[in-house]
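Single-structure report; data block below.
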Amino acid sequence: MSKFPPFLLVVAFLFNLSLEAQNTKPPFLKYTNSKWVDSVMTTLSPDERIAQLIMVAAYSNRGEDHKQEILKLINEQKVGGLIFFQGDPESQVKLMNEYQEASKVPLLGAIDAEWGLGMRLDSTISYPYQMALGAVQEEDLIYELGIEVGRQIRRSGLHLNFAPVVDVNNNPNNPVINYRSFGEDKYNVARKATAYMQGMQDAKLLTTAKHFPGHGDTDTDSHYALPQINHPVVRLDSLELYPFKEVIKAGIGGVMVAHLNIPALDSTGVPSTLSKPIITGLLKEELGFEGLIVTDAMNMKGVTEGNEPGIVDKDAILAGNDLLEFTVEVSKAISEIRKAINQGLISQKEIDSRARKILSVKQWVGLNNYKPVEVKNILEEINTPKAVYLKRKLVEASLTVLKNTNNVIPVQELESLRIASVSFGTMERTNFQETLDLYAGITHFNLPADASELMVQTLKDQLQNYDLVISGIHDFSKFPRNNLRLNEDVLQLIKELASKDNSIFTFFKNPYVLNKIDGIEDAAGLVVAYQDSEETQEVAAQLIFGGIGANGKLPVSVGEKFKAGDGLEVEGGIRFSYTLPEAAGMDSEILRTRIDSLMNLAMEMKATPGAQILVARDQKVVFHKAYGSHTYSDTVTVKKDDVYDLASVTKISTSMAALMELYEQGKFKLDGTLADHLPSFRRSNKADIPFYDILTHQARFQPWIPFWKDTFRKNGSYKRKTFKKTPSEDYPIKIKDGMYLHKDYPHKIVKAIRNSPLREKKEYVYSDFFFILVPRVVESRTDLSFTDFLQQNFYKPLGATTVGFNPQLPLYRIVPTENDFLFRQQPIHGTVHDEGAIMLGGVSGHAGLFANSNDLAKLLQMYLNGGNYGGTQYLEEQTLHKFTETTFPNTDNHRALGFDKPHYNEQGESRNTAQDASAASFGHTGFTGIMVWMDPEVDLLYIFLSNRVHPTRDNHRLYSLNTRTEIHQVLYDAIKK
């Protein structure tokens, strides 16, 4: 006759397991009878063998009294292990080393770190919760997560992780599992749990599947009460138990038993932690599990309610558990287990067998050759760039697009859209909104969760003026629980916005909450990001503008609105993504340390007050940083959205863009001449010089003319009728306040260029002349002004909102240049530094353009992409190739058409680019301290913006230090071979 109740015979039949053994056994079992385990067992008294089964709670942030309490338990009770909770890695390792030194037998160190060390320890990484991971379609990424979490936990001195959660969360109201589960699909849960487990165990970290036999379908938190699950055996077998069976087959080392009342499996009503039918009968005998069986925490009310400390631990051992987690009264637990042995309720042999199992785990994790864990550099070695990048990859992979009507994602046609963003649930500008700003000009609004009716109506009225509204629904709570704080007025506005065809919503909350928002399913675009963090906000914004794509699938059903498995694929990569160097095969440590070092030296040597540096590879912005201050004397720090005077980089950012466009339209020919566009040049000495020679600076033009000097008399006063103190129709060109130039003076500049003598020898000599004339050349072939031509054809559709002449921005966002004591007699701030450009009204093809590094990068990346960016083909690839290749390769002229090329013959401060820059690379520098460079062979973009001319252009330290090109070389050094 069976020793188990009749209903368990039914269980066995329905499970159809026939006492099958695991396909893969737990890895530590091979050491159960090893020499080391044998040798340790001989040293242990019977009570010490019981103590091996006990794990007590330890903290690394509770001070000396707690430490002494743990040492006492180690010295007097000989406990077998510690589970660490809150603290920090350094303190934890120091304490664990001390505890190990005090222990007769090496201690097994555990942690409950389902989403990584950040779940428990300060200054460490929290990876996405398992519900977000349930959306990820690449199991390889989950395995990689397991490897990394295993590495980090082992580095922190521990050996066992009470993870993964393999509960199937099929109850939206579950208060304790919920976002901790991979979802409601048992197959998805099993696959993800297996991959996570295998990664951790391959990193020599033992794992436990929890919470057996399945905690997913309960609305009670077992921390505070005993949940009851009333499903029949057939349901439990087919659903709740399925993932446990799969991870057991795959060789998981441990299983954690939950505190649950499951009448179908044990009619006595005892918690499953104390149930022999469930642990011994079901888990061990029916499922054939031979690994480590661990209780859930023995201080939880789900097991302690009505049970005395010590006695409840004894009952857990009698039920079949191998390891007691979080025993509250150790001495009493040992005493009660000893009594049970003496009463014949359990044998010493059985206790010894379980002690051997614990010791075999210790040998498997290397404690038979224990060495103290090194504390030095632990934070750096835990938080490696690779580890941080993995988090970014997982967050990106989890993004789930549930609606994308008319392909509203990614956003296109920026030039025709007025875009607003709304962050619901906060009055603070969000990281989501700041990231959206990287792509386009956007007006931002914020609405708190408890907004008044007036606030809601005001916002509703304001949003009528926009073609597209991008909204983020935020939570900001530590955990993405299934609750909603938004009041009815706010919810009504969300419903109204979602009903329109110009709405995109990103949901930074638990997906179950979607069911509490009426009409959200009607939005044209709907993205689920699962939780609210800096990373989720950043990548969601990038998805909306096509920086990245999405292929996540919803891991749970949301009422009748969406089903598990829903999720649309959206292709990304049409615009910049903003990520880590490792995403582009670069070493972040090299970039950060060496660029910082070179910039700090430059600022210390007063080569420049500050700078912006942007690095992109494979259209991924991997380094974007602002350094220093606007000037040496003020406290205005440089920000990444401040704009700089680009000086001669204007040439390739305005003139060359326009000329290449006209070239493709057949309106500009490289074998043509100035006389073809400007009639006044037909009888000049420049009438027959082809643009091939002009654009490569071998047209025999003079380098420059100091036009401003011609406004002075010999006595130092201004020539008559040149300037007026007030503006008028005849004096519209503002040089500075109280100084306005005559409207005809630009014609004098053109005349001076036309009448200037040619140099005798045809050779490379850099000249501004033609680029000063380019606006007139462009306007001769189009009905648009030079600025409008550039805005309509390039800057607006690119979303390059700060790129332009005469910036209309607050002065605190414009970096000043020189203190001009020669011409304007004042500091130059907010207007172009170049004297010729200011005399042309600030608009010229040689100087005058302003931009921040991010917006400038969009234009330059388009060049690097062969004319394509954001899904739009601005220029043809062959055009870019023609204009950026060396035009006369068999001569001493290294230039391309308008663009600079590497000049490998130069060294030191004369070298114009990194030594490793390819021959295909191209770029330009600017007098104010600018350098931009593109290398198609390694798909690398480099932007260096500075104001090295402050306080005077005579400051050449940036050149003598060669800072720009030294940093450029760092980028090549950082590319992983």
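Everything quoted here is computed from the prediction, not taken from an experiment.
Residues Ser123 and Asp88 have side chains that never bring a donor and an acceptor to within less than 3.5 angstrom of each other. If you check the side chains of Asp202 and Tyr143, you find a donor sitting under 3.5 Å from an acceptor. A donor-acceptor pair shorter than 3.5 Å can be found between the side chains of Gln201 and Thr207. Side-chain contact annotation: Gln537 with Asn431, donor-acceptor N/O pair under 3.5 Å absent. Checking Ser557 against Glu184 by side-chain atom types alone, a donor-acceptor pair falls below 3.5 Å.
You'll find the ring centres of Tyr127 and Trp115 outside the 6.0 Å limit. Here Tyr187 and Tyr242 bring their ring centres to under 6.0 angstrom of each other.
Residue Asn321 comes nearest to Ala316 through the heavy atom pair ND2-O, 2.8 Å, listed as atom of the first residue, atom of the second, then distance. Heavy atoms only, all atoms of each residue included: Val365 and Arg154 are closest at O-NH2, 2.8 Å. Between Leu108 and Met96, the shortest heavy-atom contact is C-CE, 4.4 Å. The two residues Ala258 and His215 make their nearest non-hydrogen contact at CB-CD2, 4.0 Å. Nearest heavy-atom pair across Phe84 and Ile111 is O-CG1, 3.4 Å. The two residues Ala193 and Val247 have their closest heavy-atom pair at CB-CG1, 3.9 Å.
Here Asn307 pairs with Leu274, Val312 under the side-chain contact (heavy atoms from CB on, under 4.5 Å) rule; sequence neighbours left out. Evaluation of the side-chain contact (heavy atoms from CB on, under 4.5 Å) rule for Glu560 yields Lys563 as partners, not counting sequence neighbours. A search for side-chain contact (heavy atoms from CB on, under 4.5 Å) contacts involving Met300 returns Ser222, His223, His259, Asp296, Ala297, not counting sequence neighbours. Residues forming a salt bridge (charged side-chain N to carboxylate O under 4.0 Å, His left out) with Glu90 (at least two apart in sequence, or on another chain): none. Take Asn170 and apply the side-chain contact (heavy atoms from CB on, under 4.5 Å) test, not counting sequence neighbours, and it matches Val168, Asp217, Arg235, Leu239, Glu240. Taking the salt bridge (charged side-chain N to carboxylate O under 4.0 Å, His left out) definition, one finds that Lys204 meets it with nothing, sequence neighbours left out.
When atom types are taken as modelled, the side chain of Gln86 and the backbone of Leu121 share no donor-acceptor pair closer than 3.5 angstrom. In terms of modelled atom types and a separation under 3.5 Å, the side chain of Thr194 and the main chain of Ala190 share a donor-acceptor contact. With hydrogens and angles ignored, the 3.5 Å screen pairs a side-chain donor or acceptor of Asn188 with a backbone N or O of Gly134. Using modelled atom types, no side-chain atom of Lys94 and backbone atom of Ser60 make a donor-acceptor pair closer than 3.5 Å. For Arg49 (side chain) and Ser353 (main-chain N/O), no donor-acceptor pair under 3.5 Å exists by modelled atom type. No donor-acceptor distance shorter than 3.5 angstrom exists from the side chain of Lys553 to the backbone of Thr400, with no hydrogens or angles considered. In terms of modelled atom types and a separation under 3.5 Å, the side chain of Lys509 and the main chain of Pro480 share no donor-acceptor contact. Under the 3.5 Å distance criterion, the side-chain polar atoms of Thr536 are matched with a main-chain donor or acceptor of Gln531. Put simply, the side chain of His211 never gets that close to the backbone of Val165: no donor and acceptor are under 3.5 Å apart. Remark: side-chain polar atoms of Ser360 are not paired, donor with acceptor, to backbone N or O of Leu29 under 3.5 angstrom.
Salt bridge Arg62/Glu69: absent, no basic N to carboxylate O contact under 4.0 Å. Between Glu336 and Lys332 there is no salt bridge, since none of the side-chain N atoms of the basic residue sits less than 4.0 Å from a carboxylate O of the acidic one. With respect to the salt-bridge test (charged N to carboxylate O, under 4.0 angstrom), the residues Lys210 and Asp112 qualify. Using a cut-off of 4.0 Å between Lys/Arg side-chain N and Asp/Glu carboxylate O, Asp47 and Lys78 are scored as not salt-bridged.
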Verdict with supporting geometry, Phe162 and Phe326, ring pair (Phe, Tyr, Trp, His ring centres under 6.0 Å) | CA-CA 12 Å; Phe162 292 135; Phe326 213 135; over 10 Å; no

Please assess Ile278 against Leu283 for the test side-chain contact (heavy atoms from CB on, under 4.5 Å), listing each intermediate value before the final yes or no.
-> CA-CA 6 Å; Ile278 291 175; Leu283 180 56; over 6 Å; no

Test Asn510 against Asn178 for side-chain hydrogen bond (donor to acceptor under 3.5 Å, both in side chains), laying out the working first.
-> CA-CA 9 Å; Asn510 187 312; Asn178 205 294; 2.6 Å; yes

Test Asn161 against Tyr196 for side-chain hydrogen bond (donor to acceptor under 3.5 Å, both in side chains), laying out the working first.
-> CA-CA 11 Å; Asn161 189 12; Tyr196 192 21; 4.6 Å; no

Derivation and outcome, side-chain hydrogen bond (donor to acceptor under 3.5 Å, both in side chains), residues Ser275 and Asp266 = CA-CA 7 Å; Ser275 171; Asp266 189 338; 2.6 Å; yes

Test Glu350 against Arg354 for salt bridge (charged side-chain N to carboxylate O under 4.0 Å, His left out), laying out the working first.
-> CA-CA 6 Å; Glu350 177 60 27; Arg354 297 186 198 182; 2.8 Å; yes

Audit row: His474, Phe508, side-chain contact (heavy atoms from CB on, under 4.5 Å) steps and yes/no = CA-CA 5 Å; His474 295 272; Phe508 298 103; 3.5 Å; yes

Run the side-chain contact (heavy atoms from CB on, under 4.5 Å) check on Glu144 and Leu141 step by step: do they pass?
-> CA-CA 5 Å; Glu144 187 180 344; Leu141 264 182; 3.8 Å; yes

Step by step, work out the side-chain hydrogen bond (donor to acceptor under 3.5 Å, both in side chains) result for Gln52 and Glu48.
-> CA-CA 6 Å; Gln52 283 297 304; Glu48 288 174 347; over 6 Å; no

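To the nearest 0.5 Å, the span separating CD1 on Ile382 from CZ on Arg151 amounts to 7.5 Å. Between the NZ atom of Lys314 and the CD atom of Glu308 there is a distance of 10.0 Å, given to the nearest 0.5 Å. In this structure, Tyr129 OH and Ser533 OG are separated by 9.0 Å, a value rounded to the nearest 0.5 Å. Note that CD1 of Ile293 is 11.0 Å distant from CG of Leu323, once rounded to the nearest 0.5 Å.
Within 6.0 Å of the OH atom in Tyr224, the count of heavy atoms belonging to other residues, nucleotides or ligands does not exceed 12. Annotation: Lys301, atom NZ; neighbour count of heavy atoms from other residues, nucleotides and ligands within 6.0 Å does not exceed 12.
The side-chain heavy atoms of Val294 and Val255, taken from C-beta on, include no pair separated by under 4.5 Å. No side-chain heavy atom of Thr218 sits under 4.5 Å from any side-chain heavy atom of Gln228. Under the 4.5 Å side-chain criterion, counting only non-hydrogen atoms from C-beta, Thr220 is not in contact with Leu226. At a threshold of 4.5 Å between non-hydrogen side-chain atoms, the residues Val556 and Tyr179 do not count as touching.
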